[in-house]
Amino acid sequence: MCGIVGVVAQRNVTPILLEGLRRLEYRGYDSAGVAVLADDNHLQRVRAVGKVVELERTLEATPAVGCLGIAHTRWATHGKPAEHNAHPHVSDGLAIVHNGIIENHSPLRRKLTDLGYVFTSETDTEVVAHLMAWHYRQTPDLLTAFRNTLAELQGAYALAMVHEDEPQNLYCARMGSPLVIGEGSGESYIASDPLALLQVTDRFRYLDEGDHARLTVDGCTLWDRQHSPVERPVKRYQHAALSLDKGEYRHYMLKEIFEQPEAIGNTLSGILGDNHVLTAILGPDAESRLASVDNIHIVACGTSYHAGLVARYWIESQVGLPCQVEVASEYRYRTVAVPANTLLITLSQSGETADTLAALRFAKDQGYLATLAICNVAGSSLVREADWRLLTQAGPEIGVASTKAFTTQLVALLWLTSALLQVRGRAADQVAANVAALRQLPALIDQVLALEPAIAALAERFANKHHALFLGRGPHYPIAMEGALKLKEISYIHAEAYAAGELKHGPLALVDENMPVVSVAPSDSLLEKLKSNLEEVRARGGQLITFACETVEQPGADGDTIRLPQVDDIISPILYTIPLQLLSYHVALVKGTDVDKPRNLAKSVTVE
Ligand code: F6R
């Protein structure tokens with residue numbers, strides 16, 4: 001999704017801006033642009049459709065050099081991907097970049113058109129540029145004009161602005177979309193994601209909702225939404241451990257799949273005792289408050305939602321607490337019945353997903369006992385706004401398709417299940433068994449990763465396929481859902497997941513020799529039921545591809561079964577995720593798609 005970078009320095013900022021944009025490429029975008037203030041104080045704007053490399057080529061022909069600049073990668077919302085819609089947008093000597101959506105852009109556009117402004121794009125952002133120019137005409141003080149502009153905007157934004165009249169200053173503001181200020185020595189930066197700036201700094205201030213700031217080479221001045229001066233603490237970026245390079249891997253996605261043993265090890269470190277879990281990680285009052293939880297609601301989107309669905313099986317079966325799981329885009333707009341003593345859990349890799357964040361804010365007025373964010377990004381909005389936070393330590397996830405963030409979320413949720421048991425003083429044996437199983441995971445995942453060549457061979461079967469079914473039962477049903485999501489998003493094959501028992505209620509009609517049916521068949525109490533479902537598929541000529549436990553007798557047709565180690569049932573959903581990730585990855589290779597940046601998708605969905 002859209003990305004913002006801005007720099008004020010005593011050297012040419014264009015290379016820093018471009019490197020920042022390259023680092024944001026993983027988020028998904030369709031065009032890019034920069035605006036740099038030249039030494040003679042005139043704005044140079046360069047934009048290009050397509051990848052950042054196209055912008056670089058354009059800049060070779062039309063260089064933009066100067067000490068103050070802003071840059072943007074755009075993911076089209078208002079107006080098609082085209083150069084005239086790309087940011088920055090300009091008006092009367094100023095340039096603006098924007099992430100988010102200005103909901104009242106239509107009335108503002110009408111008002112500005114009546115005032116004589118001519119629009120060259122279909123974007124909501126150009127409205128902000130002209131509005132800012134108009135306010136600056138009314139009050140020749142740029143900061144006041146900036147504030148007056150912000151006061152008229154409805155919706156979500158992270159904004160950055162430079163003006164020819166103030167060549168030392170970069171202005172920015174945040175409301176509903178993330179923005180950080182980076183501290184350098186003798187230079188200052190902004191970005192929508194700290195990853196964009198890690199080449200120049202690891203020190204960041206995270207803006208609160210309504211904050212706005214003016215940056216110079218000496219630092220920044222910050223104000224809150226009431227225009228009162230505020231300080232936001234400088235924090236060191238915590239993701240240094242797992243590197244941002246692809247290293248020996250062909251794609252980030254593959255690298256991130258293979259990082260899972262380490263990511264899970266990092267997530268577990270500091271939260272497990274020898275045979276118990278360390279609840280103090282949630283804060284001093286966590287034990288007593290967790291003990292009083294009677295219900296759980298989990299809210300998330302996409303892959304994170306699937307992690308919540310698995311957790312429901314764990315929480316209800318082990319702790320006996322009712323647990324409801326819902327996609328955030330639905331939850332946030334309905335009337336929710338919240339029983340007494342309900343804990344709300346939001347799950348998110350990025351912590352900036354607009355629907356999940358809105359759900360958390362909505363939940364604040366619904367009478368929950370407490371809110372907990374399980375998230376991979378320490379400084380994210382979700383983490384800052386929840387009562388409790390549990391950080392997964394997956395490291396930066398660059399591939400758009402979520403992999404290690406999902407399995408580390410599952411690990412965090414199994415930790416939580418164990419914590420809920422432990423604070424009730426119940427089932428110490430079960431807690432100890434969960435802890436032991438969690439500790440085994442990194443080594444077990446290494447064993448499954450070694451199956452990659454066999455899984456790659458299976459992927460060839462999808463070369464001419466357009467549809468696939470994924471089957472699972474119990475906690476492996478959400479794992480089948482996650483497998484189907486992975487396949488469709490990176491290979492563009494239409495994939496659907498079903499609880500295997502549902503097959504005969506409709507989807508069986510789809511099964512013939514052109515329909516691959518991928519199933520997850522661990523050795524658990526539902527295996528015999530699943531085998532019957534697979535027989536139904538086999539009888540109709542469906543192509544069975546089965547991931548089964550090494551101890552299970554022939555669940556699929558000859559040659560189509562990949563064997564996984566036998567493990568404790570509780571961690572089995574985590575283990576069976578790995579081959580499905582590898583299968584999707586290799587099918588995408590066979591199909592020749594852009595694995596790390598699938599079409600139409602964005603890494604962090606910061607608009608509704
Ligand atoms: C799929 C995927 C998405 C995200 C979803 C939520 O591979 O990555 O479905 O899981 O957009 O994102 P987060 O977890 O950042 O809230």
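Because the structure is a prediction, the values reported are computed rather than measured. Remember, it's 1-based here, ligands and their atoms both numbered in the order they're listed.
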Subject >> Donor-acceptor contact present, side-chain Asp596 to main-chain Gly399, <3.5 Å >> reply: no
**OP:** Indicate yes or no for a side-chain donor-acceptor contact from Arg289 to the backbone of Leu369 under 3.5 Å, with no hydrogens or angles considered.
**Re:** yes
Please write down residue, atom name and distance for the protein heavy atom closest to [atom].
| atom | answer |
| --- | --- |
| atom 11 (O) of ligand 1 | Val605 CG2, 4.0 Å |
| atom 15 (O) of ligand 1 | Ser350 OG, 2.7 Å |
| atom 12 (O) of ligand 1 | Thr353 OG1, 3.4 Å |
| atom 6 (C) of ligand 1 | Cys301 O, 3.4 Å |

Original post:
Taking 4.0 angstrom as the limit, do Glu25 and Lys51 come out as a salt bridge?
Top reply: no
Original post:
If you measure from the Lys or Arg side-chain nitrogens to the Asp or Glu carboxylate oxygens, is any gap between Arg236 and Asp202 under 4.0 Å?
Top reply: yes
Subject >> Any Lys486 heavy atom less than 4.0 Å from ligand 1 >> reply: yes
Subject >> Sub-4.0 Å heavy-atom approach of Val400 to ligand 1 >> reply: yes
For ligand 1, which atoms sit closer than 4.0 Å to a heavy atom of [X]?
| X | result |
| --- | --- |
| Ser304 | 10 (O), 13 (P), 14 (O) |
| Gln349 | 13 (P), 14 (O), 15 (O), 16 (O) |
| Glu489 | 1 (C), 7 (O) |
| Ala401 | 7 (O) |

Original post:
Cut-off 3.5 Å, side chains only: do Asn85 and Thr123 have a donor facing an acceptor?
Top reply: no
**OP:** Show the numbers, then the answer: is there a ring pair (Phe, Tyr, Trp, His ring centres under 6.0 Å) between Tyr331 and His297?
**Re:** CA-CA 10 Å; Tyr331 169 87; His297 289 177; 7.1 Å; no
**OP:** Please indicate whether any nitrogen or oxygen in Thr356 is less than 3.5 Å from any nitrogen or oxygen in ligand 1.
**Re:** no
**OP:** Report yes if some N/O of Thr303 lies less than 3.5 Å from some N/O of ligand 1; otherwise report no.
**Re:** yes
Subject >> Residue among Arg361, Arg225, Arg384 satisfying side chain to side chain donor-acceptor pair (under 3.5 Å) with Glu209 >> reply: Arg361
Original post:
Parallel, tilted or perpendicular: which fits the ring planes of His476 and Tyr576, with parallel below 30° and perpendicular above 60°?
Top reply: perpendicular
